[in-house]
Amino acid sequence: MQLGSIEYLVFLTLATTVYFALPGVRSRTVWLLAASYFFYASLSATWTVVLLGVTAVGYVFGRLLATAEHAEPGEGMPSRTRALLGGGIAIVLAVLVVFKYAGFASELLRGALWQFGSGESVSLLHLVLPIGISFWTFQTIAYLVDVARGHQSAERDVLRYSLFIAFFPQVAAGPIARADQLLPQLAEKHRFDYEMMRSGLLLMLWGFFKKLVVADPLGQVVNTVYRDPHAFGRDPIVLIAATLAFSVQIYCDFSGYTDIVRGSARLFGVNLLPNFNRPYESRSVREFWRRWHMTLMDWFKRYVYIPLGGSRVSPMRRRLNILTVFFISGLWHGAGFTFIVWGLLNGLYQIFGEWFAPLRERFAKLLRLGPDSVIRAIAATAVTFALISVAWVFFRAESLRDALYILGTMSRPAWTAHTNYALGHIGLTLIQLKVVALATVFVFATEWIAGRVDLPGILYRQNIAVRWFLYQAGVLAVVIFGFYGAQYDAASFAYFKF
Amino acid sequence: MKPVINSRSVRRLGASVLFCLILFGMLGYASAVLRPTRSLLTREAGAAWDGFLKQPRGSIDVVYFGNSHVFDGVDPSVVWKSQGITGYVMAGPVQPLAVSRHYVAEVLRTQRPKVVAFDLSVLSYNERNYVSEFQLINVGYMPRGLNKVRAALVDTPRTDRTGALVDLWAYHSRWHELRPADFNLSARRLDDAFLKGFHPMRRSRPVTAAPRAVSPPSASILAAEKRNIGILRELGRSCEARDIELLLFLTPTGPPGSYSASLKRTEAALSGEFDNVTFLDLSAPDAVPGLSYGNDFFDGGHLTARGAEKSSKVLAAFLADT
């Protein structure tokens with residue numbers, strides 16, 4: 001059951017209706033848990049057992065950690081607690097490593113042995129990745145660490161804990177929930193709230209618009225070009241356009257997904273954490289990573305960066321910490337060299353960004369551009385977007401060789417455009433491209449405005465005719481211009497594979 | 001005490017229901033605009049429901065079901081002219097028996113035919129004959145109702161179910177092909193009911209007259225036949241209960257081939273079980289007098305309008321006799 005399918009909408013309607021028809025918290029928890037496992041089984045039936053296993057490990061170790069001593073302020077963690085925490089994390093990480101990285105490791109080993117003429121002896125492992133494994137393993141680890149640190153009490157109710165891990169709107173690709181944020185909401189008895197319903201449905205509609213009207217059609221263009229970048233000659237325009245299209249696609253795909261799941265959760269009265277805060281408006285790469293996939297970056301900050309010493313260490317060590325975080329982030333996104341390079345490149349951007357900060361300041365002063373200058377803000381935003389887009393090349397390319405070819409061609413000074421050829425072979429017709437371009441402008445303009453005024457508030461204050469017109473127009477736009485159905489090979493959400 | 005349901009809640013509930021009704025109305029209109037018009041006049045054969053539903057209730061004597069062999073090979077106007085038997089072709093492109101049985105149920109809602117006729121060249125259809133695009137026509141264009149839902153949920157592969165049930169799923173991508181005239185739904189329906197589901201082909205192409213070598217059927221063909229004979233058995237019983245004759249026939253398909261052998265196996269399986277089932281093989285040599293392999297076919301399995309005229313006269317005579 002894809003998140004963007006009619007089946008999902010029917011399932012969601014049924015799940016919500018029964019949820020509010022049930023009398024108490026307990027029965028609702030049981031119902032939501034059953035619905036969540038049904039949803040997960042429809043995505044990844046074979047590997048539901050892995051989700052169950054990780055849930056069991058999290059629950060048992062959480063209970064064990066609750067009985068262990070917690071660290072006093074200023075002191076290290078007691079050894080038994082440390083051992084229990086280490087054990088729990090090791091098991092959860094082992095599951096993640098086996099499913100996600102065993103194939104990559106065997107490929108590396110085979111490659112290494114090949115040099116000595118014995119690579120044939122290593123057979124490649126190809127395990128199917130349980131959907132969302134990277135998300136719910138990280139959520140489990142965060143829970144265990146918080147319990148061990150005494151920041152979170154261990155959940156006694158096994159059903160509620162299971163729901164915390166498997167809650168269906170977020171089980172496939174986050175947002176990664178924090179126990180202190182989600183568990184209390186799951187323990188609450190939510191009354192049917194019209195405003196919450198309305199805002200949830202509106203958020204879902206916005207998510208569907210971003211995913212189906214912008215991300216998936218652009219994905220068609222990106223897939224066509226990136227599948228065989230050599231097919232378009234050495235034309236930088238096509239490759240630059242495809243790369244920019246990917247920057248928009250990945251944002252609209254993942255933020256669209258996040259809006260749909262946050263909207264879905266709101267129908268049950270649950271608020272999930274936001275994942276995006278208009279990241280392409282960032283004026284530095286560092287700021288970008290505070291506004292992109294916020295729950296993951298928060299996880300890295302809390303459970304990797306700060307334990308490594310964070311910013312309270314020597315400058316060199318801090319830079320190493322940044323690189324470590326982004327190396328892990330790259331590896332988390334995918335087992336492959338392209339992802340590692342993508343992660344490290346983002347780390348390096350930040351390190352060089354700091355190094356060059358004084359130089360930038362001097363340059364700005366020379367041009368008499370103050371910190372609040374609009375020109376400076378636009379230039380910084382544009383440069384950040386360009387840097388992030390260059391990094392996305394590694395994220396999207398099929399191989400390192402392809403990525404280097406694309407970047408090399410993009411930077412060629414000889415601009416020999418084959419626009420007419422490209423338009424016929426890029427995967428969308430001209431009229432489709434125009435609609436996608438218009439929709440893209442609409443999405444970014446709307447979000448830019450929403451960052452400055454309370455757009456939903458303004459909408460709700462309009463009279464009923466205006467509101468209904470806008471809602472109906474929104475649904476029709478998605479239904480008619482959306483990239484789904486029998487004619488298309490609609491893509492699943494990009495982050496499902498992580 | 002505060003009432004559990006206050007007037008604000010009732011107002012909101014009413015508004016939500018009204019909102020949904022308007023939304024479904026808009027989606028219904030969008031579906032109708034975006035779904036391509038099918039008309040025999042523009043050479044889109046099959047799923048001739050628009051014309052069929054215009055027929056007066058209880059006015060049709062024979063309904064013909066099957067695949068392209070039927071909509072190209074049976075001309076109900078010839079049958080009517082030669083024997084006064086009214087009829088309608090309700091066949092679809094590569095339409096399997098499993099879907100045709102839902103067509104029968106839908107047809108029986110408005111008509112009481114004396115005979116339902118099935119072309120049995122579909123008997124060996126299995127998964128390899130499945131064409132997604134055709135299934136969306138055969139099931140998607142059925143009138144809304146339980147029979148359509150059954151055809152979509154029971155006899156359509158999972159991947160095509162939504163498209164078969166929801167027109168927008170299948171056809172929304174046509175938005176850039178729309179012209180202003182497409183928005184006027186009443187004006188864009190072409191009145192092709194006079195063709196009675198028949199799809200006349202004009203240009204002929206000679207087919208070889210040499211008899212085809214009939215190889216023994218493979219296990220998968222026998223399995224498909226067995227499944228389809230099961231459906232025929234079901235249909236036979238249902239027709240028997242309604243006092244309807246079941247005619248299992250073959251249109252001329254060039255020199256006799258595996259279809260004839262398949263019809264014989266079906267006859268052997270069913271003839272002892274039912275009194276209301278008859279068999280007719282028009283693909284047998286000399287079954288249709290004057291049929292020319294040189295001029296009356298447009299490919300190896302399909303008749304031209306002239307071939308259909310000759311064949312339909314024989315069919316009409318058979319219907320009149322039985």
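Labels below follow one simple rule: chain letters A, B, ... track the order of the sequence lines, proteins then strands, and each chain is numbered from 1.
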[X] versus [Y]: any side-chain heavy-atom pair under 4.5 Å?
X: A:Tyr194; Y: B:Ser16; result: yes
X: B:Leu23; Y: A:Trp468; result: no
X: B:Trp175; Y: A:Val435; result: yes

Interchain contact, [X] with chain B, by part (heavy-atom threshold 4.5 Å):
X: A:Val475; value: side chain
X: A:Phe481; value: both
X: A:Ile480; value: both

Any side-chain to backbone donor/acceptor pair from B:His176 onto A:Thr429? Under 3.5 Å, distance only.
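The answer is no, because no donor-acceptor pair under 3.5 Å joins these two groups.
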
Between B:Ile22 and chain A, with a heavy-atom cut-off of 4.5 Å, which part of the residue counts as in contact: side chain, backbone, both or neither?
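For B:Ile22, the contact with chain A is made by backbone and side chain together.
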
Do other residues, nucleotides or ligands put more than 12 heavy atoms under 6.0 Å from the [atom1] atom of [X]?
X: B:Glu133; atom1: CD; answer: no
X: B:Arg12; atom1: CZ; answer: yes
X: A:Phe38; atom1: CZ; answer: no

Parallel, tilted or perpendicular: which fits the ring planes of B:His172 and A:Tyr484, with parallel below 30° and perpendicular above 60°?
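Taking A:Tyr484 first and then B:His172, their aromatic rings lie parallel (interplane angle under 30°).
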
Calculate, to the nearest 0.5 Å, the distance between atoms CG and OH belonging to A:Leu476 and B:Tyr29 respectively.
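One gets 11.5 Å once the value is rounded to the nearest 0.5 Å.
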
Apply salt bridge (charged side-chain N to carboxylate O under 4.0 Å, His left out) to residues B:Arg158 and A:Glu7 and explain how you reach the verdict.
CA-CA 11 Å; B:Arg158 200 190 159 114; A:Glu7 286 94 329; 5.2 Å; no

